[in-house]
Amino acid sequence: MKLEILPLDSQKKPIEDETRLVFGKQFTDRMLVMEFDRAQGWHSARIQPYQPFILDPAAMVFHYSQEIFEGLKAFRRIDGEIALFRPADNIERFNRSARRMCMPEVDSGFFLDALRQLVRLEADWVPRSEGTSLYIRPTMIANEPMLGVRPADQYLCYIILSPVGAYYKGGIAPVKIWISDEYVRTSQGGTGEAKTGGNYAASLYASELASKAGCDQVLWLDAKERRYVEEVGSMNMLFVYDGKIVTSPLHGTVLDGITRRSVLTLVKEMGVAVEERALSVDEVLEGAQNGRLSEAFGTGTAVVISPVGQFTYKGQTVELGGGKIGALTRKLYDTLTGIQYGRIADAHNWVTPL
Ligand SMILES: *Cc1c(COP(=O)(O)O)cnc(C)c1O
């Protein structure tokens, strides 16, 4: 398939002051679009001006949520070069999500080239200050107008770009976690492993309850027993328990995070043992009180690493590490961002130059 580059038809948008960027609110001048139908496969790939789509009100995505997405970042490194972090892993996961949602896969080589081309054209939009980046959002939706319930015959795949500010303005700060004892995000056999919008729609109600309780994020327990910790919002959860890293195994309900994967590699190299096992909510609460649980943090592309300062469960709140950031959490944050921004050598080939 050929990638067509269409000219910008209007004035370029002004680039916002980097210190005032709000996550996901501003988008660049161009986007990548490609279309799929059963007869032609993927076709009409183009980089075009960023603009709204015209969609039929019967488009299947509006009714049955056939939708997937990805999230990755382009960084301006300290040597001035722009680079992506493990982009091939994101595209591979995009295709895994596509299979789960009965959507067509993309050609991973073509898609990565097209993504790089788009970021190259929009290079001015990659912010320059410490901790900032250009967030990349590949998305696929079913746009066939049809009210029958079946996989669509027509899809739209696109990539939009949004400059993002430093997540932590005043240095990395701990979050307050609300553990959901009633609502669940997904269940065994469900779509928890796919990055699909429906998982997020289903999570909003519990997020509102968390917010009313003065907390920042929901920690989900397993659907069957409401006993084992799985993940948080859009982050995987890692715990430092008895000096080892403990995290939920990837057994179908937890998203296979690329930040999680990277952190597990780094901690093993630091000589810290890793246990991928079921960890119960009781172990978390007791551990926070008796000191066996010394640190806990979430991992995800948007935040990189987010330390936990407290847990609230059934109205009871326990603090962790006196609200301070643990030493291992801090070290992992510094190491991972160091690799991304080029302060630390990239021994794993995670960084892909543009
Ligand atoms: C995207 C996402 C993550 C984090 O994945 P990364 O690849 O590290 O960004 C974790 N959990 C859920 C539910 C997600 O959607």
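Note that the structure is a prediction, hence the values are computed from the model and not measured. Numbering starts at 1 and runs along the sequence shown. Counting starts at 1 for both ligands and their atoms, in listed order.
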Where is the nearest protein heavy atom to atom 4 (C) of ligand 1: which residue, which atom, and how far?
Ser234 O, 3.6 Å

Side chains of Phe75 and Pro127, heavy atoms from C-beta outward: is any pair under 4.5 Å?
no

Hey, is Asp334 close enough to Arg343 for a salt bridge, meaning N to O under 4.0 Å?
no

When you check the gap from the basic side-chain N to the acidic O, do Arg260 and Glu276 get nearer than 4.0 Å?
yes

When you measure from the heavy atoms of Gly233 to every atom of ligand 1, does any distance fall below 4.0 Å?
yes

Is it the case that the ring center of Phe94 lies less than 6.0 angstrom away from the ring center of Phe69?
no

Row check, Tyr50 ring normal vs Lys13 NZ/CZ: under 6.0 Å, within 45°
yes

Any side-chain donor paired with an acceptor under 3.5 Å for Glu70 and Asn90?
yes

To which protein heavy atom is atom 8 (O) of ligand 1 closest, and what is the distance rounded to 0.1 Å?
Thr259 OG1, 2.6 Å

Is there a side-chain contact between Gln117 and Leu3 (heavy atoms, below 4.5 Å)?
yes

For Thr301, which part has a heavy atom under 4.0 Å from ligand 1: side chain, backbone, both, or neither?
both

Just distances here: any N/O of Val232 and N/O of ligand 1 closer than 3.5 Å?
no

Carboxylate-amine/guanidinium contact Asp222 Arg227, below 4.0 Å
no

Less than 4.5 Å apart, side chain to side chain, heavy atoms only: is that true for Thr132 and Val164?
no

Per-atom contacts of ligand 1 with Arg185, taking only distances under 4.0 Å to non-hydrogen atoms
13 (C)

Tell me which protein heavy atom sits closest to atom 14 (C) of ligand 1, plus the residue, atom name and distance to 0.1 Å.
Lys195 NZ, 3.0 Å

Relative to the heavy atoms of Asn236, which atoms of ligand 1 are at a distance of less than 4.0 Å?
10 (C)

I'd like to know if Gly71 contacts ligand 1, where contact means a heavy-atom distance under 4.0 Å to any ligand atom.
no

Under a 4.0 angstrom heavy-atom cut-off, which atoms of ligand 1 come close to Arg93?
5 (O), 6 (P), 7 (O)

Which ligand 1 atoms are under 4.0 Å away from a heavy-atom of Glu231?
10 (C), 11 (N), 12 (C), 13 (C)

Residue, atom and distance of the protein heavy atom nearest atom 5 (O) of ligand 1 read Gly257 CA, 3.4 Å

I'd like to check which ligand 1 atoms, numbered from 1 as shown, lie under 4.0 Å from a non-hydrogen atom of Tyr200.
12 (C), 13 (C), 14 (C), 15 (O)

